[in-house]
Amino acid sequence: MPLLLLLQALEIMMITAMADFKPIPVDQVGVEERAAKFRTRSIKKEAKMQALRMALNLIDLTTLEGRDTEGKVRQMCYKAAHLHDEFPGLPTVAAVCVYPSMVPVARREVEGTEIRVASVATAFPSGQSDLKLKLDETRIAVENGADEVDMVISRGAFLRGELDYVHDEIAAVKGACQGRALKVILETGELCTLDNVRLASDLGIRAGADFIKTSTGKISPAATMPVTLVMLEAIKDHYLKTGRKIGMKPAGGISNAKTAIQYLVMLHETLGSDWLDNSLFRFGASSLANNILMQILKQDTGNYQSPDYFSIG
Amino acid sequence: MEHKLNYNDLWAYAPAPEDSGHVNIRDRYGLFLNGRFQDADSGKTFETHNPATEVRLSEVAFAGETDVDAAVKAARNAFDKSWNPMPPADRGKYLFRIARMIQERSREFAVAETLDGGKPIKESRDIDIPLAAAHFFYYAGWADKLEHAFPTRAVTPMGVAGQIIPWNFPLLMAAWKIAPALACGNTVVLKPAEATPLTALKLAEVIQDAGLPDGVVNILTGDGSTGAALVNHPGIDKVAFTGSTAVGKLIQNSIAGSHKKATLELGGKAANIILDDAPLNQAVEGIINGIFFNQGHVCCAGSRLLVQEGVADEVIAKLKDRLETLRVGDPMDKNTDIGAINSREQLNTIEGYLKLGQEEGAQIHQPECSLPEKGYWCRPTLFLNATQSHRIVQEEIFGPVLAIQTFRSVDEAIEMANNTPYGLSAGIWTDKGSRIFNLTRRLRAGVVWANTYNQFDPTSPFGGYKESGFGREGGLHGLEPYVNFD
C-alpha cells in the first residue's frame, strides 16, 4: 500500500507540473516576415568588426563524421585555439564538439585553454535507442571529460504526442550530465511546423535544458532564421517569466560571416546584449570560422586573401 | 514580470547612411503643365525642406487659379485630342513604360522621398517605391481589358480628373491616383502635398521621358488654395482626394449639386484587436508595425490597441520591451526604424495630443532613446489605461502614438472597435479561423487584416466606411470610380 500511495503522489505531482504547460501558438507568416527584417540590417565598419570577433568566440567547432580520426580531432582542437596566428589578438572558439569516443583526445588537446569540450550523446543523430543506453552514453561522455553534452530528443515520440515521455527523457539525461551543461537538440528539420518547434523548445527548457539547439547538421533543413527566432522567443518568454537565462545554439548551414552577423542581429534585437556571450549563444559550425577570418582580414587589409592563406580545420 | 532584457549598446551599430550623391534635386522646379515645366503665372514659389535636418531642399512653383485653369484646359485638350482617341493597348504601353522607369530610378526616388518626407530609407526603398511601380504595372494591364473588368456593360472615361494627395506616401499616392485614371482613359491634374512635392515632380520627369502626350498628366504644386481652385474648377469631371476628414467634408460640400463625382479616402482610427489565443510574439510585431510604420503617418494605422484582459499584462510588457529596440533617428540611415515627423506643424499636433492624453488621465510610456538636435522628432509612445471617451481614443493623431485599452468579451471588442466616426481599417490577432470570420463580418471597416497589418497590394481594394470616406482604390474596384457606365 505505501508504494501505491507514493506512486499516486508522484502522479499528482506530475499533473501539477504539467498543468500550466500549454502550447504557445506561432504564426509562421509573421515569423518569416520578422526574420527577413533582421536580414536587412546594415552592419558596417567597427560594428561589423566587433560582430566578426564575437562570432568567432561563439563557435562550437564541430566534427561529427563516421570517418573522424584522432588525428583529425587533434588538428581541429589546435585550430580551435589558434585560429589564425598570423593575426594576433583573435579570440578562440567557444568549444569543440565531437562524438563521445573522441572526447578523451579533445580533452587532452584543449588542456590549458578556455575551450570547452562538447560531446554529442543519446544515440546522436537519430536518437533511436533505448533510454538506458542513452543515459550510459551520456555518463561515459561526462566521465571522459566532456564539459557539455549535446543530446537529441526523441522526435518519434514527440510527433506521436508523447510529450511526457520526451520531457522525462530530457530530464533523465540532464541527471546523467552530473552538472555539466546540457544542450537539447530539437532537430527542427523533422518537426514539421513552427508550432512544434515552439512546443519542443518549451518542453526542453522545462525539462532542464541549459541550451536549446536547432539541429544535428545531419538533416536538411538545419538551422534557419525563422526556426531560430521561434526558439529565441521561447527563451525570451521563459526569461521574462522566471528570470532564468537559457542558451541558444543554431547549428548546421551557417557557413559564412554574413549569415552569422544576421543571426547575431536577430539575437541582439530579440534577447538583448546579455546573450552576446558564449555562455548563452553558440554557432554549431565546421566551416564558419575560416569565412569569418577572411572577412576580418579583409576589414583589416582592404583586400580578400586567398583561401590558401587559411589553414583548414 | 519584473525581469527586464538588457538592450544596452554593448554592440552599437555603426552609422549606415544611404548615399544621396547620385540624386539630382534641382534648385527650382516649375509646374508640370501641358508637358513642360514652367513657372507659376504669378511667379510665386515656396520652399520644401528636409524635416530631419530642416535644410532647404528646393524651391517649387506655387500654382494659383490661372495655373489651375491652364492645367485643366490642357488636360481637357489632351483628353479630346490624344488620350481618349488612343487605342487602349497604347495607353497601356505608356503605363508599362512609366512603371519600368520608376523601377529603374527606384534608388533615386527612394532617397528623394526620404529626404523630402522624413520616412526611413528602408521603408521608401522596400515599400513606397516598389509599390508605386507595382500600381502602374497593375493598371497598365487593365488598360485594354476594361470590357473584361465590366462585362456586359459599356464604359467610357469620365474626362478630366482633379486629384489631391497627402504628404505621408507622396509617390505611392500619386501612383494610386494617376495609374487607374489613365488606364481608364482619363487625363489628370494632380496636386501633391505642400510639404512633399519632390517625388511627384520627379514622376513628372519620368512622364516627360516616357513621352506621354502633352497635357495627359499635369502636376501643380501649391497649398490648400491650389487644391480648392482645382476642386471648384468647372472643367473637371471627377475629384479624387486622400487626406483629412475635415478637408474631405469641405470638398463634398463644394462639389454638391455639380456634375463632379468624387472618391474620398480620409482619416482613420483603427482598432488592432488582440484575442487571448493569439500568437503573441507575432501580434506584438503587428502592433509595432501597425502604429509605428511611417511614424504613424498612416491613415489606416492601428492607433488603438484593444487587448483581451487575460493577456494584456504580457502584451504590454512585450510592447515596452520592443520599444527599446526601435531605432529612432536619421531617416537616411539604413538601420533607422522610425524617422522624422513630416513637418513642424504635424509635430505640434502630435505633441498637443501627448499633453492631452496625460491630462485625460492615460499613462504615457516612451522609451529612453536619444533624438537628433535638429529636425522634428517624436518618440514612439504608448498610452496605457486609455478609455473610450478619451479624445486620444476617438481622434486621429497621425503620429507614433498608440492608445491601449483592454476588453473582456469579443462582443465588447467589436463594440469598442466600431465606436468611432471612422471605419477605414482594423486588425485581428487570433489562432482561430472561426474567430477571424466572426470579427471580419462585424467590424465596420473597409480593410480588416487578420494576423498581419499594413499589407498593401495593387490588386487589393482599399477604402473606408463612415467618415473614412467612400470609393475604393486598388484592384478591380479601383477602376470603377474612373469610368462612366453608359
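By convention in this document, chain letters (A, B, ...) are assigned in the order of the sequence lines, proteins followed by strands, and residues within each chain are numbered from 1.
- Taking CG of L240(A) as the reference point, atom NZ of K318(B) lies at 6.0 Å (rounded to 0.5 Å).
- Within a 6.0 Å radius of CZ in R408(B), no more than 12 heavy atoms belonging to other residues, nucleotides or ligands are found.
- Contact annotation: the side chain of Y13(B) approaches that of H268(A) to within less than 4.5 Å [non-hydrogen atoms, C-beta and beyond].
- Distance check, rounded to the nearest 0.5 Å: CG of L229(A) to CD of E285(B) gives 8.0 Å.
- Neither the backbone nor the side chain of A283(B) comes within contact range of chain A; no heavy atoms are under 4.5 Å apart.
- Nearest heavy-atom pair, L271(A) versus L5(B), reported as atom, atom and distance to 0.1 Å: O-CD2, 3.3 Å.
- The interface of residues 50-57 of chain A with chain B, defined by heavy-atom distances below 4.5 Å, comprises Q50(A), A51(A), M54(A).
- With sequence neighbours left out, A110(B) forms a side-chain contact (heavy atoms from CB on, under 4.5 Å) with I121(B), S124(B), R125(B), I129(B).
- Residues D321(B) and K236(A) form a side-chain contact, since some pair of their non-hydrogen atoms from C-beta on lies under 4.5 Å apart.
- For residues 251-267 of chain A, heavy-atom neighbours of chain B at less than 4.5 Å comprise I261(A), L264(A), V265(A), sorted by residue number.
- Contact of the W275(A) side chain with the N6(B) side chain is not registered, since no non-hydrogen atoms from C-beta on lie closer than 4.5 Å.
- The closest donor-acceptor contact from the side chain of Q282(B) to the backbone of D27(A) lies under 3.5 Å.
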- Apply salt bridge (Lys or Arg N to Asp or Glu O under 4.0 Å) to the pair R41(A) and D337(B), showing each step before the final yes or no. CA-CA 10 Å; R41(A) 286 286 193 225; D337(B) 298 316; 2.9 Å; yes
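- When every heavy atom of A14(B) is checked against every heavy atom of A47(A), the shortest pair comes out as N-CB, 3.3 Å.
- Using a 4.5 Å heavy-atom cutoff, the side chains of L276(A) and L10(B) are in contact.
- Take P130(B) and apply the side-chain contact (heavy atoms from CB on, under 4.5 Å) test, not counting sequence neighbours, and it matches no residue.
- No part of D333(B) comes within reach of chain A, as not one of its non-hydrogen atoms sits under 4.5 angstrom from that chain.
- In F87(A), the CZ atom is crowded: over 12 heavy atoms of neighbouring residues, nucleotides or ligands sit closer than 6.0 Å.
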- Query: Could you walk me through whether S42(A) and N335(B) pass the side chain to side chain donor-acceptor pair (under 3.5 Å) check?
  - Reply: CA-CA 6 Å; S42(A) 179; N335(B) 291 326; 5.1 Å; no
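- Rounding to the nearest 0.5 Å gives a distance of 4.5 Å between CD1 of I43(A) and CH2 of W11(B).
- When heavy atoms are compared at a cutoff of 4.5 Å, D431(B) approaches chain A solely by way of its side chain, counted from C-beta outward.
- Distance check: H238(A) NE2 to H3(B) NE2 gives 9.5 Å after rounding to the nearest 0.5 Å.
- Most heavy-atom pairs under 4.5 Å with chain B, from the set T40(A), V29(A), V31(A): that is V31(A).
- Residues R34(A) and N289(B) form no side-chain contact, since every pair of their non-hydrogen atoms from C-beta on lies 4.5 Å or further apart.
- Two residues are said to be in side-chain contact when any heavy atoms from C-beta on lie closer than 4.5 Å; D237(A) and L280(B) fail this criterion.
- The 12-atom threshold is not exceeded at CD of E114(A), counting heavy atoms of other residues, nucleotides or ligands nearer than 6.0 Å.
- The contact between Q455(B) and chain A is made entirely by side chain atoms (from C-beta outward), counting heavy-atom distances below 4.5 Å.
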